[in-house]
Every structure is written in C-alpha cells, then in structure tokens.
Amino acid sequence: MSGIVIRNAVALSILLIALAILPHYLKYHHQDFLIFLVVNVLVVVSYRLVTLTGEWSLIHAVMMGVGAYASALLSKHLGLSFWISFPLAGVTAAIVAALLCFPLFRMTQFYFLIGSFAAGEAIRLSWIHFIKPFGGTSGISAIPSPELLDIDFLEPIPYFYLVLIIVTICLFLLFRIEKSRIGLTLHAVHWKAPLAESIGVNTWNYRSLAFITGSFFVGLAGALKVHYIGTVTPKQFDIGFMVFILIWVIVGGYRTFYGAILGAVVLSVLDEMFREFDELRPAIYGAILIFSILYLPAGLESLPQRLKGVFSRKSGQMEQT
Amino acid sequence: MAILEVQNLTKNFGGLTALNDVSFKVGEGQIHGLIGPNGAGKSTMFKNIAGFYTPTRGDILFEGKSIKGQTPSRISMSGIVRTFQETTLFHEMTVFENVLVGTHNRSRTNIFSAIIGLDRLIQQQARTSAMKVLEFMGLGDRKHQLASELPLGSQRALAIAIALVSEPKLMLMDEPFAGMNPEETRGMMQLTRKVRESGVTIVLVEHDMKAVMGLCDQLTVLNFGTLLAGGSPEQVRNNPDVINAYLGGSHHV
Ligand SMILES: Nc1ncnc2c1ncn2[C@@H]1O[C@H](COP(=O)(O)OP(=O)(O)OP(=O)(O)O)[C@@H](O)[C@H]1O
Ligand SMILES: [Mg+2]
C-alpha cells in the first residue's frame with residue numbers, strides 16, 4: 001500500500017521538476033502554449049468533477065468566462081490586486097453556479113444538457129449586450145498582471161511558474177475531494193440515484209455541490225488565463241471552446257482523474273504540431289474523436305490496460321501452439 | 001405501539017388505482033409481512049412509504065408523525081430505509097465502498113472538512129461501522145470484491161448491509177428471497193432474524209410462503225390494491241378470502 005504511495009509521490013515529483021525545467025528549453029510562443037495547456041488541465045479536471053454525478057453540462061466554458069470577467073473587472077475598475085481578484089473570480093463563478101442550480105437541476109440528462117447550454121448563452125450574450133461594464137464583443141483589455149516583489153509576470157516563464165503552482169494546488173484539492181466520502185457519494189449519485197436517495201443522500205444537493213465546486217475551480221482557471229493574455233472577450237468562452245473541453249475529456253477518458261488530463265495534454269500537443277495545416281485542424285480533431293470513440297471508448301486512460309490485454313493474448317496463443 | 005401506521009392510503013396512476021383505501025399498522029420490533037399476488041400493489045406501497053411516490057389520498061405515520069409527501073432522503077434520515085425489488089447496488093464499487101456510501105446519514109461531512117481532513121475521526125467511525133455491518137452480514141472477507149462480482153445471495157446480503165449501516169428503525173425489504181435456492185433462502189432468513197434482533201422493525205414483501213410463514217409475526221394481505229385480510233400467519237392461513245382470492249383455491253400454504 002505505502003509502496004504505491006511512495007512510487008506515485010516520486011513519479012509526481014519528477015513530473016513537476018520536468019515541468020519546471022521545460023519552459024527554459026522552449027521558444028517564446030511554445031512557452032505561451034505551455035501556460036494555456038496547464039490552465040486547460042485545470043479546466044478539464046474541474047469539468048470532470050461536474051460530470052461525476054452523471055450530468056454533462058455545456059456551461060463550463062462560460063463559467064470559466066464568469067471568473068475571467070469577474071477578475072478583470074475587479075482588478076481593472078476597482079483596482080483590486082490580482083491576489084484578491086483571483087480568488088474572488090472563483091467565488092463569483094461559484095455564486096453564479098449556485099443561482100443557476102435552481103432552474104438547471106430541475107432537469108436531467110438531455111434536458112440538462114440543453115438547459116445548461118441555453119443558460120450559458122444567456123450569460124455570454126449579456127457580456128456582448130451590456131457594453132458597460134463588459135465591453136461588448138471586444139471585451140475588456142489592459143487587464144493588469146499580478147504584482148509580487150519585482151517579478152515581471154508579463155514574461156512567460158514567471159507566469160508559467162505562477163500558473164503551475166496554483167494549478168498544482170487546485171488539482172491536489174480536487175483530488176482530495178474525489179477521494180473523500182463526498183467523492184464516493186458523487187459516484188453513487190451517478191450510478192444509482194434511487195439507491196442513494198433511499199439511504200438518505202439528497203441527490204439534488206450533491207449535483208449542486210459538484211456543479212458549484214467545479215465552477216469555482218474553472219472560474220479560477222479563467223482568471224489565470226486572462227491575466228496573462230491581458231484581454232477577455234466573449235469569443236474565448238463560446239461553444240467552440242466547450243466542444244474542445246468535451247473532446248479532451250471524452251478522448252482522454254472521464255472515469256479516472258488522470259484520463260481527462262491525458263486527453264487535454266495529448267490533443268493540445270497534437271493540435272500544436274498540426275498548426276501549419278490551419279484549415280485542416282478541425283478535420284483532424286474530428287477524425288481523432290471518431291477514432292477514439294470507435295476504438296477506445298474508455299479513453300486514452302484505458303490504453304495501457306488494452307495493450308496489456310493484447311500482449312497477454314498473444315503470448316497465450318504462443319503457449320497454445 | 002405501532003411504529004408505522006398507514007391510514008386509508010390511495011394511490012392512482014392516471015386512471016389506474018394501484019392502492020385503494022388501504023390501512024394497516026406495524027408493531028415495533030416485529031417482522032411484518034406484506035403479501036399478495038403479482039400486481040397487488042406491494043411495491044407501490046413501499047414506494048409511497050419511502051417517499052418515492054406521493055400518496056393520492058390518506059396518510060402515513062411514522063412514530064406518530066406524518067411523513068407523507070417528504071422526499072426519500074428526508075424519510076430515510078428519520079429512520080426508514082427500503083431495499084429494492086430488483087437487486088440494487090453500486091455495481092461499479094467494491095463491497096466495502098457500497099456500505100461506506102450507506103453511512104452517509106450517520107456521519108455527515110462537508111466539502112471543506114473533507115479537503116482539509118478535519119473529518120478524519122468521523123470517517124474513521126464510518127469505516128469502522130461499515131466493517132462491523134459487513135461482518136454482521138457475513139461479507140467481511142469479500143470487502144475488496146466488486147459488488148457486481150458477488151453471487152446472488154451475497155448481493156442481496158449486501159443490499160441489506162447498505163440499508164442497515166444507516167442505522168434505520170424500520171426496514172422495508174422487497175422480495176429479498178426471490179430467485180434464491182433453498183440454502184440461500186435459509187441463510188437469508190437467519191440474517192433477517194438477526195437484523196430484527198438488532199432492534200430493527202422489518203416490513204417484508206415476499207412470495208416465498210415458507211419464508212413468510214416462518215418469519216413473520218403479523219401479515220397484511222393485498223389483492224388488486226385493496227386490503228384483503230390481516231392478522232397472524234395462523235389467522236391468515238385459515239382465512240377463506242385469502243385462500244380463495246390469493247391462493248386461487250390451492251392449498252400449498
Ligand atoms: N409508476 C407506475 N405507473 C403506472 N402504473 C404503475 C406504476 N407502478 C406500478 N403500477 C401498477 O400498479 C400495480 C401494482 O404494482 P406493484 O409493482 O406495486 O405490484 P406488486 O404487488 O409489487 O407486484 P409484484 O409481486 O409483481 O412485485 C400494477 O398494476 C402496476 O402495473
Ligand atoms: Mg413488487
């Protein structure tokens with residue numbers, strides 16, 4: 001038991017150290033890419049928390065935007081420092097999510113999917129429509145970057161470290177939640193809601209809890225992203241981005257914690273590699289999605305198991321002959 | 001004293017009357033049988049008591065207070081749990097995790113203490129009581145198995161363990177013996193008695209007449225949604241209405 005814990009801790013430390021060294025060997029725009037990649041990891045993992053109860057929402061990207069807009073407005077117009085506006089971004093997204101629970105969780109499954117999409121579009125349209133304070137389609141620009149000692153957070157490498165530290169902490173918290181009894185109960189709500197109810201689990205509360213907590217973390221991710229770019233627009237959080245989140249989670253696999261991370265990382269890196277074939281990128285993405293649904297329905301996370309299965313079958317045949 | 005009192009309960013599904021003006025009482029500490037032919041309304045009665053359906057008319061008193069119209073989770077918190085006619089488990093979880101989910105009522109936690117680990121003591125207690133219940137139901141050495149891998153008899157026992165660990169006062173068991181061979185049935189009967197001896201009142205829906213007659217202190221007989229008879233197994237067995245309507249004149253009781 002503890003052997004596994006130590007092994008995981010060692011693997012994790014190596015990964016973190018590698019990540020910490022990595023940007024020094026990258027070109028400028030690849031450093032940017034790395035920052036967005038780490039932010040997107042937080043996006044998919046927080047989305048997985050929402051899907052644990054079995055409800056797939058289409059509002060996660062917009063919730064990220066809620067955090068982004070909140071932090072941008074608070075820091076730019078109220079002059080709050082990033083260190084205050086950043087946590088408030090998460091809180092704002094959580095509050096908006098809590099308000100949405102009342103209409104949204106009266107629906108389930110397909111209706112929930114559509115309902116969440118509609119609610120998200122309503123929020124996004126209000127950013128476009130209310131020029132004051134949201135700035136319409138061009139959004140808000142000149143968002144101040146974080147300040148700490150003399151560190152220049154306009155540079156990619158310091159900002160990368162900031163993002164890496166914050167996202168690591170968030171992932172740790174999300175991991176704790178999933179491994180706690182609350183996480184177990186969320187799974188229970190997913191698999192057998194009536195049984196869960198019969199032993200006293202208020203499924204409505206747990207669905208809401210997952211949605212609010214997931215929104216909190218993705219709100220943080222939104223703030224992290226726009227304080228680096230410096231601008232926030234409604235376009236950044238449209239259904240197109242939501243589809244990317246879905247594809248990452250589906251291709252990576254949503255059953256385990258690391259599946260979704262794997263999906264986001266592998267697909268983003270592929271995407272970056274195919275940058276030259278600009279118009280072809282959606283087609284490549286689509287092909288990967290179809291291929292993985294057909295041949296890897298349990299996602300990339302199941303790949304080691306599948307390979308093991310293939311090899312043991314082969315060696316089994318050899319023994320027979 | 002009656003722990004559960006069903007008063008003039010009627011349940012309509014559109015035009016269909018699944019339960020029609022049914023009243024009965026369940027004494028504390030008893031095993032109370034609820035029997036009747038297929039479609040008589042037994043499962044519907046359970047779902048009304050446990051809050052999965054709202055009665056059309058009538059009332060349900062638990063320990064003297066009305067629980068009519070409350071949500072299943074509320075009702076379960078006040079001490080009534082049901083098991084399901086189709087064996088219902090968290091198939092994707094281990095046996096131990098199944099029971100751990102069942103401790104939800106007794107050891108609540110919130111997301112902040114779960115993250116920081118403030119609820120460690122409560123969690124420890126939850127695990128201890130989960131383990132105790134597993135031993136009690138004879139599932140101790142299967143705790144790491146997936147629920148879906150268990151044989152039928154053990155799955156039924158696990159379903160009861162999940163209910164039991166929430167420390168109910170009243171347990172509604174829907175056909176726990178269905179599909180069991182005689183040996184499994186005997187084991188299950190012993191478990192049912194053990195559960196009662198631990199202080200839980202039981203209402204039992206069951207078609208296996210041997211098991212019903214062997215276990216129950218009192219019986220309520222339903223037929224086409226109406227109350228046909230009630231009383232001790234002895235009285236019910238000799239009630240001509242029951243023999244005619246329910247047993248269709250045969251005499252294998
Ligand atoms: N949700 C529902 N909607 C409509 N009709 C229903 C519903 N649930 C049950 N019924 C009907 O109510 C009647 C009683 O069903 P119920 O399941 O309570 O019977 P039962 O006594 O449990 O039978 P069995 O011994 O076969 O389990 C049946 O005619 C059934 O078709
Ligand atoms: Mg039934």
Side-chain angles (χ1 to χ4, degrees), chain A residues 1 46 49-50 52-54 87 90-91 94 97-98 105-106 169-217 253-256 298 302, chain B residues 46-47 50-52 71-84 86-94 96-117 119-120 122-123 126-127 130 147-148 159 162-168 171-172 174:
Chain A
M1 197 66 185
S46 59
L49 181 69
V50 178
L52 276 191
T53 56
V91 172
F105 286 106
R106 294 175 157 263
I169 294 171
C170 289
L171 291 189
F172 175 71
L173 297 180
L174 283 161
F175 187 76
R176 294 271 314 196
I177 293 173
E178 181 167 347
K179 292 295 157 195
S180 73
R181 260 243 331 283
I182 290 185
L184 193 65
T185 311
L186 291 175
H187 281 291
V189 167
H190 176 186
W191 282 320
K192 287 277 155 51
L195 177 55
E197 296 234 326
S198 79
I199 44 184
V201 176
N202 186 328
T203 51
W204 196 92
N205 280 356
Y206 274 83
R207 289 202 170 104
S208 306
L209 181 70
F211 181 55
I212 293 169
T213 314
S215 298
F216 172 81
F217 283 105
Y254 49 86
R255 284 172 189 78
T256 62
S302 67
Chain B
F46 272 11
K47 287 173 194 166
F52 285 78
T71 61
S73 57
R74 267 290 292 285
I75 290 176
S76 140
M77 267 183 275
S78 57
I80 303 180
V81 287
R82 68 178 277 222
T83 67
F84 293 72
E86 327 70 43
T87 315
T88 301
L89 303 167
F90 304 113
H91 287 283
E92 298 82 354
M93 294 184 188
T94 66
F96 184 67
E97 285 171 335
N98 265 274
V99 182
L100 205 55
V101 174
T103 61
H104 179 269
N105 267 352
R106 298 299 148 215
S107 44
R108 308 199 141 241
T109 181
N110 65 55
I111 197 153
F112 297 106
S113 7
I115 292 174
I116 309 170
D119 57 351
R120 192 164 292 165
I122 300 173
Q123 298 311 328
R127 276 193 292 273
S148 54
I162 296 171
L164 199 57
V165 79
S166 73
E167 297 173 20
M171 195 141 116
L172 312 174
D174 203 344

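Quick caveat: nothing in here was measured; it's all calculated off a predicted structure. So you know, we letter chains A, B, ... as the sequences are listed, proteins then strands, and number each from 1.
Closest approach of B/H91 and A/K192 over heavy atoms only: CD2-NZ, 3.3 Å. Considering every non-hydrogen atom in both B/S76 and A/S198, the closest pair reads CB-O, 3.3 Å. The nearest pair of heavy atoms linking A/L195 to B/L89 is CD2-CA, 3.6 Å. Across all non-hydrogen atoms, the minimal contact from A/T185 to B/H104 is CG2-CD2, 4.1 Å. The two atoms that bring B/S73 and A/V201 nearest to each other are CB-O, 3.5 Å, heavy atoms only.
With respect to chain B, the highest number of heavy-atom pairs below 4.5 Å among A/W204, A/F175, A/F172, A/Y206 belongs to A/Y206. Of the residues considered (B/R82, B/M77, B/Q123), B/Q123 shows the highest number of contacts with chain A, using heavy-atom pairs under 4.5 Å.
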Exercise for the section: Starting from the C-alpha separation in whole Å, work towards a yes-or-no answer on side-chain contact (heavy atoms from CB on, under 4.5 Å) for B/M93 and A/H187. Expected result: CA-CA 9 Å; B/M93 294 184 188; A/H187 281 291; 3.7 Å; yes
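When heavy atoms are compared at a cutoff of 4.5 Å, B/L172 does not approach chain A at all. For a residue to count as touching a neighbouring chain, one of its non-hydrogen atoms must lie under 4.5 Å from one of that chain's; by this rule B/T71 does not touch chain A. Looking at B/A126, the atoms closer than 4.5 Å to chain A (heavy atoms on both sides) all sit in the side chain, from C-beta outward. Of the atoms belonging to B/T83, not a single heavy atom falls under 4.5 Å from chain A. If you measure heavy-atom distances from A/L209 to chain B, the contacts under 4.5 Å come from the side chain alone. Only the side chain of B/F84 comes within contact range of chain A, with heavy atoms under 4.5 Å apart. Looking at A/H190, neither its backbone nor its side chain comes within 4.5 Å of chain B, counting heavy atoms on both sides.
Residues forming a ring pair (Phe, Tyr, Trp, His ring centres under 6.0 Å) with A/F211 (at least two apart in sequence, or on another chain): A/F105. The side-chain hydrogen bond (donor to acceptor under 3.5 Å, both in side chains) test applied to A/T213 returns no partner, not counting sequence neighbours.
Atom CZ of B/F52 sits in a crowded spot, with more than 12 heavy atoms from other residues, nucleotides or ligands closer than 6.0 Å. For A/R176, the CZ atom sits in a packed shell: over 12 heavy atoms of surrounding residues, nucleotides or ligands are nearer than 6.0 Å.
Rounded to the nearest 0.5 angstrom, A/R181 CZ and B/T103 OG1 are separated by 3.5 Å.
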